[in-house]
Amino acid sequence: KYKRNGADNPSNEIFNALYLAWKKSNVVLDSNVLTSHNAPVRAVAFKPGKEGILFSGDENGIIKVSQINNGIIRELKSINVKGNVRSVAIDKTGTYLLVITLRGTKLLTIGKDNSLQIVKHEIYQAGSKHGVFLDAGYFILQGDGWLKRYFIKDIAARSDSVNFPGCNNIAVTTTGKIVIASGDRIR
């Protein structure tokens, strides 16, 4: 039985499904797989809320919008962002999707019907690896050895940047603190 912090956690639907599949056969079964991508999927993110909306991006530049309902994945929409997708991030309001490709970064708006609209094409330099949203309308892009902060409402002007040698990844806590993976350390 799965336990988190010593307590049963029956609401963890994905873990329970994987656990049952592993328990039966020691492999993940694909009885519930979204197979509409035609290239390797490199990025996934859930929209905040209870809708079960999943965004997935593949190496052909296709972003799929899917819904998971009662354990069934159903594709709703897709858009071509024209670039090998490496990372996606969603702001906590579910309004913006940040898409990192090998060629550059794109900011998309998420409509009430979960449709996607590209705000601007290739507006940020190539070399970004990950992105995260901050409160107050900012997001951060992370590349090899650097972090750059942008204001969503004026994305043409980067607000500030910092060199950070060895920076491999970033995350933001629920209280807004930035966590950096650098070499063998978490800062």
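- Alongside Ile62, the hydrophobic cluster contains no other residue (criterion: ILVMFWY side chains under 4.5 Å).
- Trp146 approaches Gly127 most closely through the heavy-atom pair CZ2-O, 3.7 Å.
- How far NZ of Lys106 is from CD1 of Ile79: 9.0 Å, rounded to the nearest 0.5 Å.
- Phe46 CZ to Ile68 CD1: the interatomic distance, rounded to the nearest 0.5 Å, is 3.5 Å.
- In plain terms, the two heavy atoms of Val132 and Ala171 that are nearest each other are CG1-CA, 4.2 Å.
- Side-chain contact annotation: Glu75 with Ser36, donor-acceptor N/O pair under 3.5 Å present.
- Of the possible polar contacts, one joining the Gln142 side chain to the Cys167 backbone as a donor-acceptor pair under 3.5 Å is found.
- Across Leu108, Val99, Val81, a single residue satisfies side-chain contact (heavy atoms from CB on, under 4.5 Å) together with Val88, and that is Val99.
- A salt bridge does not link Asp160 with Lys148: none of the charged nitrogens is closer than 4.0 Å to a carboxylate oxygen.
- Across every non-hydrogen atom of Phe133 and Asp91, the tightest pair is CD1-N, 3.3 Å.
- Taking 4.0 Å as the cut-off between side-chain N and carboxylate O, Arg42 and Asp58 do not count as a salt-bridged pair.
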Derivation and outcome, side chain to side chain contact (heavy atoms under 4.5 Å, CB included), residues Ile180 and Ile186 | CA-CA 6 Å; Ile180 300 170; Ile186 307 293; over 6 Å; no
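- Summarising the local packing, NZ of Lys92 is surrounded by 12 or fewer heavy atoms from other residues, nucleotides or ligands at distances under 6.0 Å.
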Going through the checks in order, is the side chain to side chain contact (heavy atoms under 4.5 Å, CB included) test met by Thr173 and Val179?
-> CA-CA 7 Å; Thr173 67; Val179 178; 3.8 Å; yes
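- A donor-acceptor pair is defined here as one N or O able to donate and one able to accept, closer than 3.5 Å; such a pair exists between the side chain of Thr101 and the backbone of Arg103.
- Minimum interatomic distance between Ile90 and Pro48 (heavy atoms only, all atoms of both residues): CG2-CD, 3.7 Å.
- Once rounded to the nearest 0.5 Å, the distance linking CG of Asn169 with NE2 of His130 reads 3.5 Å.
- In this structure, OG1 in Thr95 is found 7.0 Å from CD1 in Ile110, a value given to the nearest 0.5 Å.
- The two residues Ser128 and Ile100 make their nearest non-hydrogen contact at O-CG2, 3.2 Å.
- Aromatic ring orientation, Tyr138 versus Phe151: tilted (interplanar angle from 30° to 60°).
- Heavy atoms of other residues, nucleotides or ligands lying less than 6.0 angstrom from CD of Glu51 number more than 12.
- In this structure, Asn84 CG and Leu102 CG are separated by 4.0 Å, a value rounded to the nearest 0.5 Å.
- Asn114 contributes atom CG, which lies 10.5 Å from atom OG of Ser66 (distance to the nearest 0.5 angstrom).
- Nearest heavy atoms, Gly111 versus Lys47: O-NZ, 4.3 Å.
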Could you walk me through whether Leu134 and Phe139 pass the side chain to side chain contact (heavy atoms under 4.5 Å, CB included) test, one step at a time?
-> CA-CA 5 Å; Leu134 304 172; Phe139 65 90; over 6 Å; no
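- With contacts defined as side-chain heavy-atom distances shorter than 4.5 Å, the pair Tyr96/Thr109 qualifies.
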